[in-house]
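These notes concern the structure reproduced below.
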2 protein chains.
Amino acid sequence: MGATAGDASGLTSTVVFRLGTLGTVVTDRFTREIEGLGLKPKHVGLMAALGRAAVASQQELAARMGVAPSLMVSLADHLEDLGAVQRVRDPRDRRRQVLTLTEEGQRLLDRCTSMARTLDEELMAGLTEKQRKALAEALHVMAKRAGLP
Amino acid sequence: MGATAGDASGLTSTVVFRLGTLGTVVTDRFTREIEGLGLKPKHVGLMAALGRAAVASQQELAARMGVAPSLMVSLADHLEDLGAVQRVRDPRDRRRQVLTLTEEGQRLLDRCTSMARTLDEELMAGLTEKQRKALAEALHVMAKRAGLP
DNA sequence: TATTGTTATACTCTATAACTATA
DNA sequence: TATAGTTATAGAGTATAACAATA
């Protein structure tokens with residue numbers, strides 16, 4: 001025994017490593033799943049943000065999602081093309097574009113949510129009900145502390 | 001109550017969403033942390049893979065990490081420049097480049113592991129010891145099922 | 001002819017900077 | 001002059017395809 005150089009279980013067993021690698025795998029999987037809807041993860045993230053806030057300017061949404069305003073433009077463009085969001089100029093400040101989720105957008109978001117739930121099931125197949133609850137709670141606490149929804 | 005359209009807590013509370021977003025945040029944080037060592041996450045992943053396997057050809061490592069062989073070349077190039085890995089031609093099959101972790105590589109890997117542990121602490125600051133154990137176990141089970149180390 | 005590693009090229013994602021219109 | 005949104009441009013990261021050496 002002793003400090004065998006070459007044992008990297010140290011790194012790979014950290015939460016940082018596991019969250020990073022699992023996050024990538026899961027996101028890739030989700031990306032393939034929503035591809036048929038003409039969506040990428042960021043589009044879904046934007047719809048989810050709109051689902052919570054109901055109404056917000058592009059700048060506010062960009063700040064909330066931590067992306068550049070220029071990226072918000074192309075995300076909104078694409079969702080508008082799909083009929084998932086509406087752009088309305090704020091009459092009080094005509095510089096602001098206010099985004100709202102349409103009924104079609106809500107339907108798309110619902111389908112994505114359903115797909116995510118199916119993936120959740122697959123992902124947690126090896127866990128007991130108790131373990132799933134504990135996992136969900138731990139992720140929730142960490143997400144809030146990190147300023148995530 | 002009722003089915004209020006616009007409530008997206010459905011999506012954002014899935015494990016898929018939480019793993020994806022937390023994975024990104026945590027990886028970005030780790031990336032900044034190791035920047036001073038001249039490393040990117042993939043370099044660390046390669047060193048960790050070498051730490052476990054001790055010796056492997058570039059093709060084997062590329063397959064294990066799920067990256068293109070061409071990317072393995074540049075990762076190995078960079079680590080070789082840092083003195084973290086050695087390339088040795090397999091005498092039995094001179095096409096194969098066998099990679100091994102040097103002592104310097106082990107030192108670098110150890111420092112990265114230490115940084116990851118510190119981040120783990122920060123990340124799980126809001127969790128009880130019991131919750132941390134439960135989280136680690138759940139992540140471990142899911143990682144194995146996903147074919148991750 | 002098939003395989004390993006390498007190099008050349010192209011594609012995706014996203015940020016920064018320049019620009020337009022409103023304020 | 002400052003800000004919201006847009007457009008143009010550039011950089012990072014990585015894959016695919018073409019190539020060289022070896023089997």
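Each chain gets a letter, A, B and so on, in the order its sequence line appears, and its residues count up from 1.
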Under 3.5 Å between N/O atoms: give me all the protein pairs with nucleotides 14-19 of chain C, atom names plus distance.
unit_1	atom_1	unit_2	atom_2	d
C:dT14	OP1	A:Lys42	NZ	2.5
C:dA15	OP2	A:Ala68	N	3.1
C:dT16	O4	A:Ser70	OG	2.7

One thing to verify: whether [Y] and [X] come together as a salt bridge, which I'm taking to mean a side-chain N less than 4.0 angstrom from a carboxylate O.
| X | Y | result |
| --- | --- | --- |
| B:Arg117 | B:Glu121 | no |
| B:Glu137 | B:Arg132 | no |
| A:Arg96 | A:Glu60 | yes |
| A:Glu122 | A:Arg29 | yes |
| B:Glu35 | B:Arg32 | no |

Nucleotides bounding contact with chain B, strand DNA chain D, heavy-atom threshold 4.0 Å: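 In short, chain B contacts DNA chain D from D:dG13 to D:dA23.
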Near DNA chain D, under 4.0 Å by heavy atom, which residues of residues 87-97 of chain B?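 Close to the strand are B:Asp93, B:Arg94, B:Arg95.
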Take atom NE2 of A:His43 and atom C1' of C:dT12, then tell me their distance rounded to the nearest Å.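 After rounding, the gap between these two atoms is 13 Å.
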Taking the side chain from A:Asp120 and the backbone from B:Val16, do they hold a donor-acceptor pair closer than 3.5 Å?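 Between the backbone of B:Val16 and the side chain of A:Asp120 there is a qualifying donor-acceptor contact (under 3.5 Å).
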Do side-chain atoms of A:Arg94 reach the backbone of A:Arg89 as a donor and acceptor pair under 3.5 angstrom?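 Side chain of A:Arg94 to backbone of A:Arg89, a donor-acceptor pair under 3.5 Å: no, none is there.
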Once you apply a heavy-atom cut-off of 4.0 Å, does B:Gln58 come out as touching a base, just sugar-phosphate, or nothing?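 It contacts sugar-phosphate atoms only.
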May I ask whether A:Leu101 and A:Leu82 are part of the same hydrophobic cluster, defined by side-chain heavy atoms of I, L, V, M, F, W, Y residues being less than 4.5 angstrom apart, directly or through others?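 Same cluster: A:Leu101 reaches A:Leu82 through Ile, Leu, Val, Met, Phe, Trp or Tyr contacts under 4.5 Å.
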Could you state whether B:Met65 and B:Val98 fall into the same hydrophobic cluster, counting links through intermediate Ile, Leu, Val, Met, Phe, Trp or Tyr residues with side-chain heavy atoms under 4.5 angstrom apart?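 No, because B:Met65 and B:Val98 fall into different hydrophobic clusters, even though each may have its own neighbours under 4.5 Å.
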Just checking, is any N or O donor in the side chain of A:Gln58 or A:Arg87 under 3.5 Å from an acceptor N or O on the other one?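 Yes, a side-chain donor-acceptor pair sits under 3.5 Å.
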